[in-house]
Each structure stands twice: as C-alpha cells, then as structure tokens.
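Have a look at the structure below before the remarks.
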Amino acid sequence: MVRHSKLQKQVLSLYRQFLRAGQNKPGFLPRIRDEFRVNARIPKTDVMHIEYLYRRGQRQLDQLKDVNTKQLGAFLKPKEES
C-alpha cells in the first residue's frame, strides 16, 4: 500500500470534495477532472506550486458550493493571427 504525504492526502480530499460539490451542477465534473489531471503532472518536489494550487482550489470549492454559482469561468489564451 502506498503511503501518501500530508499534502497528498489534502489534495485527494479536495478532489473528492470537488466531485461531490459538482455532482448537482451540469458540466462541472469534466472540468474538475481535467483540471486535476493537468495539475497531476506537476513534480511532487514543487511543493510551493502545489500548495498555491491547493489554496486556490479551496477558494474555488467555496465558490462552487455557493447556491448561486451556475458556471465556472476560464481564461483562454487568444489565438495568434498568422
């Protein structure tokens, strides 16, 4: 059995909380899964970046749990003209 660090356990807990909170809101689960998959590629040694993303995720979870939240915004890079 794999032993997880305290930070890893916190991130896994945050992921489960996101999945629970997103169940009742259409279109949220794929976005949540994609976001966690992208950030799963961050090296485990980059603790500062992981902690930053964890705190950011906690704030986003609070927003998601809000009854008035209907959708999540996203920042997209503008396409460069050729």
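Treat the numbers as computed from the prediction; the structure is a model and nothing was measured.
Atom CG in L14 sits 9.0 Å away from atom CD in Q60 (nearest 0.5 Å). Rounding to the nearest 0.5 angstrom, the gap separating the NZ atom in K65 from the CZ atom in R20 is 9.0 Å. Once rounded to the nearest 0.5 Å, the distance linking OH of Y54 with CG of N39 reads 14.5 Å.
In this structure, K25 contributes its side chain and L64 its backbone to a donor-acceptor pair below 3.5 Å.
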Under 3.5 Å, which donor-acceptor pairs do the side chains of residues 1-10 form with other protein atoms, sequence neighbours left out?
residue: S5; atom: OG; partner: Q8; partner atom: N; Å: 3.2
residue: S5; atom: OG; partner: Q8; partner atom: OE1; Å: 3.4
residue: Q8; atom: OE1; partner: S5; partner atom: N; Å: 2.8

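Looking at every heavy atom in both residues, I32 comes nearest to F18 through CD1-O, 3.5 Å. Across all non-hydrogen atoms, the minimal contact from A21 to L61 is CB-CD1, 3.9 Å.
Residues passing the salt bridge (Lys or Arg N to Asp or Glu O under 4.0 Å) test with R56 are E35, sequence neighbours excluded. By the side-chain contact (heavy atoms from CB on, under 4.5 Å) test, R33 pairs with Y15, L19, L29, R37, sequence neighbours left out.
Under a hydrophobic-cluster definition in which Ile, Leu, Val, Met, Phe, Trp and Tyr are linked whenever side-chain heavy atoms come within less than 4.5 Å, directly or via other members, L53 and L12 are assigned to different clusters.
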